[in-house]
Structures are given as structure tokens and as C-alpha cells.
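Take a look at the structure below.
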Amino acid sequence: MSLTLDQRPLYEVKAGLFKGLSHPLRIRILELLSLSPERSVAQLQTETGLEASHLSQHLSVLRRHRLVLSERRASSVYYRLAYPEVAELLTIARRLLLLMVTADGERIADAASLPALGPTE
């Protein structure tokens, strides 16, 4: 399938969204932010166990891909999801993951019940 020039930017934006989601720690940060209206950087650091510099890098990626918003208040910075749909996306992804893991488990059980192909060592 060849994309037209008009379609390409939308697919690039969509790919950027998934790039923002492409690290397990960023997923964890987004899940934490989906549990409350906002969290401070200090709270996120405590909850993730990340060093400040690593957390800052991940938050920067999430900001760049417009998944989170930040607000400075006095000496603290607070983060929140940019859109409530981010939390919905995470919920759907988790549901899909559970379906996939369940299907894999069933396939493993099916494979284990296959007859042997030859002599075992």
C-alpha cells in the first residue's frame, strides 16, 4: 500500500504516538498518571524507582509526543495525562495483552499435548 502525501503526515503522527509508548517505563509512568489527576516528579520518582535523570528523559519523550502535560508550581513540577483517551488506550492495550497471553497459554497447552515426533534423549 502506497501512502499519498496527504496520508503520510497522519501516519507519521500516529507512529510518533506509538514511539512515545514504546518503552515499558513510559507505559508505567502513564499508568501511574492515569490513576490520579496529577503527580509530582518526586512522586513519580518514588513510585517508579528511577533516577531523576532517567525519569526526566522519559517524561521528556512523553511530552514531545504530547502524551503528558507538565506544570511548574514553586519548586515542584507536576505531570498529568494530556488526554483522558491515553488512559483508555492503556486499558485497551492491557485487555488485548491479556487476551494474547491467554491465547498463548492455550497454544502452549495444545503443543504440550502433541504426540512425540521421535525418540527422546
Side-chain angles (χ1 to χ4, degrees):
M1 175 178 106
S2 181
L3 301 177
T4 67
L5 289 176
D6 290 339
Q7 293 170 322
R8 203 169 279 151
L10 180 58
Y11 283 104
E12 289 172 8
V13 171
K14 194 181 291 187
L17 167 69
F18 286 104
K19 284 179 187 176
L21 297 168
S22 68
H23 195 283
L25 291 170
R26 290 197 290 269
I27 297 291
R28 180 66 183 136
I29 291 165
L30 291 171
E31 286 179 343
L32 290 168
L33 292 173
S34 72
L35 296 174
S36 64
E38 66 181 13
R39 278 189 160 73
S40 70
V41 171
Q43 288 172 310
L44 289 170
Q45 190 174 3
T46 299
E47 292 170 322
T48 62
L50 289 171
E51 293 180 22
S53 62
H54 290 144
L55 178 59
S56 177
Q57 290 172 357
H58 287 297
L59 290 169
S60 176
V61 171
L62 292 171
R63 271 194 323 272
R64 185 170 52 249
H65 292 290
R66 301 183 342 198
L67 292 163
V68 298
L69 299 171
S70 62
E71 182 181 336
R72 178 174 291 282
R73 290 188 221 135
S75 62
S76 296
V77 178
Y78 291 83
Y79 279 85
R80 67 181 184 277
L81 296 179
Y83 303 95
E85 289 81 3
V86 174
E88 291 176 38
L89 180 62
L90 294 170
T91 299
I92 291 168
R94 182 174 286 200
R95 215 173 330 165
L96 176 59
L97 175 64
L98 291 173
L99 289 171
M100 293 167 71
V101 169
T102 300
D104 286 347
E106 290 169 0
R107 286 188 203 113
I108 290 169
D110 290 345
S113 67
L114 291 173
L117 294 175
T120 58
E121 297 177 8

With a 4.5 Å cut-off on side-chain heavy atoms, are L21 and L89 touching? yes

Measure the spacing between CZ of R26 and NZ of K19 and express it to the nearest 0.5 Å. 11.0 Å

Heavy-atom closest pair (L62 atom, G20 atom, distance to 0.1 Å) is CD2-O, 3.6 Å

Taking side-chain contact (heavy atoms from CB on, under 4.5 Å) as the test, write out the residues that go with A87, two or more places apart. S34, L81

With a 4.5 Å cut-off on side-chain heavy-atom distances among I, L, V, M, F, W and Y, is there a chain of contacts connecting L50 to V61? no

Salt bridge (Lys or Arg N to Asp or Glu O under 4.0 Å) contacts in which one or both residues fall within residues 92-105, not counting sequence neighbours: E31-R94, D104-R107

Examine F18 and L33 and state if one hydrophobic cluster contains both, with Ile, Leu, Val, Met, Phe, Trp and Tyr joined whenever side-chain heavy atoms are less than 4.5 Å apart. yes

Establish whether I27 and V68 are linked, either directly or via other cluster members, by ILVMFWY side-chain heavy-atom contacts under 4.5 Å. yes

To the nearest 0.5 Å, atom CG of L30 lies from atom CG of L25 at 11.0 Å

Side chain of R66, backbone of Y83: donor and acceptor closer than 3.5 Å? no

Would the distance check show the side chain of R63 and the main-chain N or O of S70 forming a donor-acceptor pair, the cut-off being under 3.5 Å? no

Are V86 and I29 connected, step by step, through hydrophobic side chains (Ile, Leu, Val, Met, Phe, Trp, Tyr) whose heavy atoms are closer than 4.5 Å? yes

So, do L59 and L44 sit near enough that their side-chain heavy atoms are less than 4.5 Å apart? yes

Could you pull out the closest heavy-atom pair between R39 and S36, with the gap in Å? NH1-OG, 2.7 Å

Sequence neighbours left out, what passes side chain to side chain donor-acceptor pair (under 3.5 Å) with S56? Give chain and number order. none

Could you report the tightest heavy-atom contact between L55 and Q45, atom names first, then the distance? CD2-N, 3.6 Å

Not counting sequence neighbours, which residues clear side chain to side chain donor-acceptor pair (under 3.5 Å) with S53? List them please. none

Contacts of E71 meeting side-chain contact (heavy atoms from CB on, under 4.5 Å) (sequence neighbours excluded), chain-then-number -> R73, R80

Decide whether L67 and V41 are clustered together by the hydrophobic rule: side chain heavy atoms of Ile, Leu, Val, Met, Phe, Trp, Tyr closer than 4.5 Å, transitively. yes

Quick note, ring-ring contact (aromatic ring centres under 6.0 Å, His included) partners involving residues 51-79, not counting sequence neighbours, are H23-H58

